[in-house]
Amino acid sequence: MAKPPFTNDIRTLRFLAGEMTQGDLGDRVGVTRQTIAAIEQGKYSPSLEVAFRIARCFDKPLEAVFQWSDDAD
Amino acid sequence: MAFREKIHWVTLMTMILAFGWYFFAYPWQIVGSPAGVTTTAGMLVPVTIAIIVMMTLATAFLAIRNPREVDTREDERDRSFHRRGTHYAYYPLVVGIWINIFLIFWGIGQAQQLNLMIATLVVAEIVRIGTQLYLYRRGA
């Protein structure tokens with residue numbers, strides 16, 4: 001599968017949120033730790049619902065977590 | 001490795017071992033005779049029991065070793081892997097069914113049809129589980 005045409009700052013946001021683990025974020029979002037890891041690495045493109053849930057966990061707007069890659073246009 | 005992935009590995013290995021034994025041990029010289037059908041039925045009983053026992057034991061063992069992940073439900077990524085696995089498994093299933101249809105017109109025996117259908121199902125299952133494992137390994 002091709003890489004998603006966007007990047008994300010989940011790893012940084014987790015660190016800033018008291019070094020939240022992938023498992024903790026996964027529990028709060030309703031996905032597995034492995035899914036969070038895959039999203040962070042850009043290997044898996046989450047659904048809109050999960051993307052919004054992740055952003056809500058960090059109390060950030062969606063575009064503060066996921067950014068469209070300019071070279072993907 | 002996630003609990004769900006381990007279960008898929010166990011399922012794949014169990015299928016290969018159980019049906020590997022079935023197709024290896026089947027007395028192919030009688031497949032064209034009426035005894036071929038009863039032999040198929042008779043051999044499917046231990047295969048089914050072996051699959052149930054192996055899966056139960058392996059699942060219990062893995063559940064004891066991974067108690068935190070046991071209650072984890074399938075998430076959207078797991079479901080997408082499942083859908084893709086099922087999608088790819090559809091092709092060998094269709095090919096097997098069409099081959100069977102043509103061979104029925106050709107006049108093959110019941111036991112041969114039965115074995116072809118079992119083989120089709122086994123191949124489709126291996127493709128389904130194998131696809132899921134490939135996607136889990138790739139981390140996609």
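Just so it is clear: chains get the letters A, B, ... in the order the sequence lines come, proteins before strands, and each one is counted from 1. In what follows, every heavy atom counts, from backbone to side chain, and hydrogens, waters and symmetry copies are set aside.
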Approximate separation, where rounding is to 0.5 Å, of [X] [atom1] and [Y] [atom2]:
X	Y	atom1	atom2	result
B:R79	A:S47	CZ	OG	8.5 Å
B:R138	A:K43	CZ	NZ	9.0 Å
B:R73	A:T32	CZ	OG1	13.5 Å
A:Y44	B:L135	OH	CG	11.5 Å

**Request:** List the atom of B:E76, the atom of A:P46, and the distance in Å for their closest heavy-atom pair.
**Result:**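 Closest approach of B:E76 to A:P46, heavy atoms only: OE2-CA, 3.4 Å.
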Out of curiosity, does [Y] fall in the hydrophobic cluster containing [X] (side-chain heavy atoms, cut-off under 4.5 Å, transitive links)?
X	Y	value
B:L133	B:V127	no
A:F58	A:V50	yes
A:V65	A:L62	yes
B:Y88	B:I126	no

Take atom CD of B:Q113 as the centre, draw a 6.0 Å sphere, and report whether it contains more than 12 heavy atoms from other residues, nucleotides or ligands.
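Counting neighbours around CD of B:Q113, more than 12 heavy atoms of other residues, nucleotides or ligands fall under 6.0 Å, so yes.
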